[in-house]
Student: 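Just passing along the structure, written as structure tokens.
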Amino acid sequence: MLETKEIHFYYGAFHALKNISMTMDDHTVTAFIGPSGCGKSTFLRLFNRMNDLIPDTHLTGQCLIEGQDIYQKTVDVTTLRKKVGMVFQKPNPFPKSIFENVAYGLRVDGIKDKNFIRQRVEESLKGAALWEEVKDQLKKPAFELSGGQQQRLCIARALAIEPSVILMDEPASALDPISTSKIEDLIHSLKEKYTIVIVTHNMQQAARVSNKTGFFMLGELIEFNDTKKIFLSPEKEATQNYITGRFG
Amino acid sequence: MKHTEKELLALKEEVSQMWKLVLSQLEKAKQAFLNDDFELAREVVSREKRVNSFELKIDSDCENYIALYNPVAIDLRLALSLFKICSTLERIADFAEGIARHVIEENCEPFSAEMKTQLRIETMFDTAIEMFSDSYEALDSENTKLAGKILSKDEIVDEIYIHSIKILAEAIRKQMITAECGLHILLVMRKIERIGDHCSNIVEEIVFYIDAKVLKHHKNKVDI
Amino acid sequence: MKRIFERIIEFALIVCGTITTLVILLMVIFLFKEGTGFFRNSMVEKGYALCVQEENPVDELTSAQIKQIFDYEIENWNELGGNNEAITPFRLEEIFNRYPEEEWGENYELLPGKLEEIINETPGIIAFLPVQYLPKAKILHDEHLLPDDFFAGSEWIPTATPAPQFGLLPLLMGTLWVSFFAILIALPLGLGVAIYLSELAGARMRQFLKPAIELLAGIPSVVYGFFGLVVLVPLLQKSLHLPVGETALAGSLILAVMALPTIITLAEDAMRNTPQAIREASLGLGANHWQTIYRVVIPYSISGISAAVVLGIGRAIGETMAVLMVTGNAAVIPHSLFDPVRTIPATIAAELGEAPAGGAHYQALFLLGCILFIITMLISITAEFISKRQPNGLG
Amino acid sequence: MAIMQKKTEQKIAFTFFRSLSLVVVAILFWILGFIIYNGAGVIDWEFLTTAPSDGMTGGGIFPAIAGTLYLILGSSMVAFPLGILSAVYTSEYAGNGYIIRFIRIMTNNLSGIPSIIFGLFGMALFVNTLEFGDSIIAGSFTLGLLTLPLVIRTTEEALRAIPDTFRIGSLALGATQLQTIRRITMPMAFPNIITGLILSIGRVSGETAPILFTVAAYFLPKLPQSIFDQVMALPYHLYVIATSGTDLEATRPIAYGTALVLIIIVLLMNLLASFLRKKFRKL
């Protein structure tokens, strides 16, 4: 379970997230929508502390995963990131073979057992619905895959280290509609095992894949509710204006 | 199968569940009327609530489906058809309930078998139910060939209804039955006639869904 | 365990970064420490002093005056603000002619006495004597070398006695002279090639020209110098009927070739960075290719091109070996392109081997190094400043 | 009419630029051709493997070649680890603090500093202050410092050319920063770094000014015994025999030969660099 309590986040003096408290249940898909610069990506990145990489940022409030505050000093960031996988906007496979891409997280973790690695790679590729397409060419450079395949490879890469949460930052915005729908189907099947949080520009995508949707605007969480509720009868006028395209 | 397809199939399945429920309501109403079966009539009345809740459920599912999945083309036509079919089904179920209520509320003598044959009331019931189950068949098998057959059956129903007015007027004049009872029977037959009309509407929706043709307010729809 | 290992590596990285910074700082400090030490040297050679008669009103002389006195260019004290009296320069060696060796005493302990005699006998005398044999006489105030002597001095004669001359002007002028003409030659050539490469050349021509220019940049400067020495110098001498072929012109020509790759590469990069959209806009308005180049591409990339030129100048100013080998190395202020000149780096290279460590000459060479360092620093900062300027509409 | 004029103008301009390019190429070929033409006859196995003899008028240049190799090796040992690690630090670890910006400005400007100044510094620090004397170690340090900015810059550029997405991708998988550098960033930057290093070797082998006072020996037929010995070096050898030989007629061929060897080294380095670049690009 992911939970935030009164989160405030600053880039230098810029107040990027304002007092955000919410709870996301296990094995659900939660989507964040909102106009560009509304803070939804920033919020997503809180959960695996990717914002740590940006200098001059500052956070107050609590961010809990399974009850533990991940911003405590005792928390090891690398361990956290193994538990909270992430998929990025543009597919970013490493310049290695397909196999090595998926095995990367394991190798970084110090695992040497070849059989174990091979098995885990296969499982992860199957989990990402890519196995059938690549099983005969695991040695091929990952760059030779299509964009959609690359993105599923990145998902497989994240699955290989057995996270409990998967964060997705606009995972399909760089892909064509066919690849997009494959990724969306994949998200549906991953929901069984993982807690998924997804940021998307595409409202329909949020509607299609998520159980719950949060609408962000200007760093505030305007509305957070069941996706059906948000898209059929949102409570806030701002939400309504945004999802109907009347925004601004 | 794609996730969105699954959602749509689930919706379709719900509608067919409702269809079956309404069909059984119709069958029971017919039995109750023909046999003057109070028990059966009460059952029909009490089960009407289930039909109503079915309608609410399907309504909201249709809304959600449209809101979340933004269907287009055949998906959109199906969603819209199901939405309309669903409310039509509810109307038909209302008529079934209405017939059952007639059975419960009127205190007429059961009228003679001769009269029944003369009125062809059973045929009328059967034809309407056939139309109803045939239109289900058409939706389920996505077969618009059945449409013409169903629509032509509606003419039989209409013909029986128009005919029954004369027969009933005659019977009342001859004081074979009370005027009140005669009117009751006419109302029931009127309801069956409406069921036939609604079935025609359903068929039109099905044709819209499958062939994307609008049949409403067309003269020669039977020729389809 | 893994954590600790990572910490260690990270620490090593930080140490390396720090070392690099320190080395760079150390270099600057060292250079300037030695260089500014120059001004703590006295005008007169170390261990020596200048003596005159007690009655002589002159208290101090400038370095240039001392030199002129001993070169017999100044012959009367009144020229220096003293009495009307002829100057008699005297060096220790001359004592050999006056007194036989026996009279100096066992360990030359009698020498100061004798020297005193000589000074008293000769009214207009100025004696250049080692400090340990100094007689009782008026010792001229020995000033430290002044910035004026260095920066405004017009002679570079570091081996002159008693007062070596460390005048920067001839070297600085030589450097600027040679570099200026080098750029004058290299600029049109370099820009022309850059335009050709970035705008006109086809892919195959580029594939041939780019490595050729890289190679031109890679040829060691000593090879350029050698080539200049054996080909260019005789060629110039013969074709222009010069007394010597080793002239500023030879240096400029060689430097021009050496500065070419810098100018071409940087200017081409700058021009290639002109957005395709701007070119297309110009072509779309009916300008032809050449008009697009000089009305759009060049104005757009002018800051990059200027930076290229400035860095080319930097390369020319700092170049040592080639210049050393072809310019003739005469430390005089040049008057024409056909005079031999000597540049700052060439001076350092030629003289450092002979200058005793820690001496005035040695430190003077370091001071030259400082000057060179400052000039090149200024040049790279200027280049950076220019190239960072955004292209503006004024062109 | 105006169009015709524009066309002629363009034609003249373009012909002019084309001929300038030809001039530059001609200069290159003139220099190369001259040295190859005169030097090719001199170089043979004996020239490469024997020491100079007869007061530098005969024999070969073996000690100079060996000395240059020593210097390449020595300066690489100084500049490569220090430069690469510094660059990794400044581009991967350090933020944008004042110190880092200062280092960056320094290294940037340092690459424009004339080599003779490195010679001055090397002499003052390594030869005199640290009392290494004229020695391989002093020369290696000096040349190492000379190439340090070059190494740092090429490494930094190579590292910076790698999009952040790869780093972020790796970090998001729970890799530490060091693991990211070792497994992702460095392997990706490797081709560019290696070509930078090779070019810097080319530069080291041709530099004369910095070794004038730190290592180079005029004549030393023996190979060095320790790193505190002097050595001969190719560029210095060329300088010496070209300018201060006693018998110019006799030493000229040796000078041509030495110049050719130098050029061959530089050419080889350039070829190797571009070959590696192409090869890695294919991967």
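The basis for the numbers below is simple: all heavy atoms, side chains too, and nothing from hydrogens, waters or symmetry mates. First the proteins, then the strands, lettered A, B, ... as listed; each starts at 1.
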Student: Looking at C:Glu10 and C:Arg7, does any basic side-chain N land under 4.0 Å from a carboxylate oxygen?
Tutor: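 Between C:Arg7 and C:Glu10 there is a salt bridge, with a charged N closer than 4.0 Å to a carboxylate O.
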Student: Which answer fits D:Arg203, side chain, backbone, both or neither, if we ask what part of it has an atom under 4.5 Å from a heavy atom of chain C?
Tutor: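 When you check distances to chain C, no heavy atom of D:Arg203 falls under 4.5 Å.
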Student: Relative to chain D, which segment of C:Phe227 carries a heavy atom at a distance below 4.5 Å: side chain, backbone, both, or neither?
Tutor: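 Contact with chain D: side chain only.
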Student: Give, as side chain, backbone, both or neither, the part of D:Ile35 having an atom under 4.5 angstrom from any heavy atom of chain C.
Tutor: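 Contact with chain C involves the side chain of D:Ile35 alone.
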Student: Heavy-atom cut-off 4.5 Å, strictly under: side chain, backbone, both or neither for D:Ile152 against chain C?
Tutor: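 Just the side chain, heavy atoms under 4.5 Å.
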Student: Can you tell which part of D:Tyr239 gets under 4.5 Å to a heavy atom of chain C, answering side chain, backbone, both or neither?
Tutor: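 Contact with chain C involves both backbone and side-chain atoms of D:Tyr239.
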Student: For the interface with chain C, which of D:Gly122, D:Pro81, D:Ala209 has the highest count of heavy-atom pairs at distances below 4.5 Å?
Tutor: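 So the answer, after comparing D:Gly122, D:Pro81, D:Ala209, is D:Ala209.
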Student: Would a distance-only check, ignoring hydrogens and angles, find a side-chain to backbone donor-acceptor pair under 3.5 Å from C:Thr327 to C:Leu324?
Tutor: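 No, the answer is negative, given that no donor and acceptor are paired below the 3.5 Å cut-off.
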Student: Under 4.5 Å heavy-atom distance to chain D, tell me which part of C:Ile293 shows up: side chain, backbone, both or neither.
Tutor: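 Side chain of C:Ile293 only, per the 4.5 Å heavy-atom cut-off to chain D.
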Student: Less than 4.5 Å to any heavy atom of chain D: does that hold for the side chain of C:Ile19, its backbone, both, or neither?
Tutor: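 Side chain only.
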Student: Counting C-beta onward and ignoring hydrogens, is there a side-chain heavy-atom pair between D:Val88 and D:Met186 closer than 4.5 Å?
Tutor: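 A side-chain contact exists here, since the closest heavy-atom pair is under 4.5 Å.
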Student: Can you tell which part of C:Leu311 gets under 4.5 Å to a heavy atom of chain D, answering side chain, backbone, both or neither?
Tutor: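 Interface part for C:Leu311: neither.
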Student: Taking every non-hydrogen pair under 4.5 Å, which of C:Thr18, C:Thr320, C:Leu191 racks up the most with chain D?
Tutor: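 Top option by heavy-atom pairs under 4.5 Å: C:Thr320.
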Student: Using heavy-atom distances under 4.5 Å, tell me whether C:Leu31 contacts chain D through its side chain, its backbone, both, or neither.
Tutor: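 For C:Leu31, the contact with chain D is made by the side chain alone.
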Student: At a heavy-atom separation under 4.5 Å, does C:Glu384 approach chain D through its side chain, its backbone, both, or neither?
Tutor: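 Only the side chain of C:Glu384 comes within 4.5 Å of chain D.
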Student: So for C:Val257, is it side chain, backbone, both, or neither that comes closer than 4.5 Å to the heavy atoms of chain D?
Tutor: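 Looking at C:Val257, just its side chain touches chain D.
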Student: Counting only heavy atoms closer than 4.5 Å, note whether C:Val231 contacts chain D via side chain, backbone, both or neither.
Tutor: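 The answer is the side chain of C:Val231.
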Student: With only heavy atoms counted, which part of C:Leu189 is less than 4.5 Å from chain D, the side chain, the backbone, both or neither?
Tutor: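 It is both, since atoms from each part get that close.
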Student: Give the member of C:Glu34, C:Glu214, C:His289 that has the highest number of heavy-atom pairs under 4.5 Å with chain D.
Tutor: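 Maximum pair count with chain D is reached by C:His289.
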Student: What part of C:Phe373 gets closer than 4.5 Å to chain D, counting heavy atoms only: side chain, backbone, both or neither?
Tutor: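 Both backbone and side chain.
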Student: Which residue out of C:Ile9, C:Leu209, C:Leu352 racks up the most heavy-atom pairs below 4.5 Å with chain D?
Tutor: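 Result: the option with the highest number of such pairs is C:Leu352.
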Student: Heavy-atom distances under 4.5 Å only: say whether D:Leu212 touches chain C with side chain, backbone, both or neither.
Tutor: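 For D:Leu212, the contact with chain C is made by the side chain alone.
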Student: Is the backbone N or O of D:Thr180 less than 3.5 Å from a side-chain atom of D:Thr185, with the two atoms forming a donor-acceptor pair by type?
Tutor: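 A pair under 3.5 Å: yes.
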Student: So what's closer than 4.5 Å to chain C heavy atoms on D:Ser205: side chain, backbone, both or neither?
Tutor: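 Neither part, no heavy atoms under 4.5 Å.
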Student: Where does D:Phe14 contact chain C at under 4.5 Å (heavy atoms): side chain, backbone, both or neither?
Tutor: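 The answer is both parts of D:Phe14.
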Student: So C:Thr20 and D:Thr90, do their side chains get closer than 4.5 Å, heavy atoms only?
Tutor: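 With C-beta onward as the side chain, the pair stays apart.
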Student: Is C:Leu25 close to chain D through its backbone or its side chain, or both, or neither, when contacts mean heavy atoms under 4.5 Å?
Tutor: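 The side chain, not the backbone.
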Student: Please look at D:Glu9 and chain C and tell me whether the side chain, the backbone, both or neither of the residue comes under 4.5 angstrom of a heavy atom of that chain.
Tutor: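 Backbone plus side chain of D:Glu9, per the 4.5 Å heavy-atom cut-off to chain C.
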Student: With a 4.5 angstrom heavy-atom cut-off, is it the side chain or the backbone of C:Met321 that approaches chain D, or both, or neither?
Tutor: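 Looking at C:Met321, just its side chain touches chain D.
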Student: Side chain, backbone, both or neither: which part of C:Leu260 has an atom under 4.5 Å from a heavy atom of chain D?
Tutor: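 It is the side chain, since no backbone atom gets that close.
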Student: Under 4.5 Å heavy-atom distance to chain C, tell me which part of D:Ile263 shows up: side chain, backbone, both or neither.
Tutor: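 Just the side chain, heavy atoms under 4.5 Å.
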Student: Chain D: which of C:Ile344, C:Leu197, C:Leu216 shares the most heavy-atom pairs with it under 4.5 Å?
Tutor: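 The candidate making the most pairs under 4.5 Å is C:Leu216.
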Student: Side chain, backbone, both or neither: which part of D:Leu120 has a non-hydrogen atom closer than 4.5 Å to chain C?
Tutor: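 Backbone plus side chain of D:Leu120, per the 4.5 Å heavy-atom cut-off to chain C.
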Student: Considering heavy atoms only, which positions within residues 22-32 of chain D lie below 4.5 Å of chain C?
Tutor: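 The residues closer than 4.5 Å to chain C, in numerical order, are D:Val23, D:Val24, D:Val25, D:Ile27, D:Leu28, D:Phe29, D:Trp30, D:Ile31, D:Leu32.
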Student: Please state whether the side chain, the backbone, both or neither of C:Ile348 comes within less than 4.5 Å of a heavy atom of chain D.
Tutor: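 Both backbone and side chain of C:Ile348 come within 4.5 Å of chain D.
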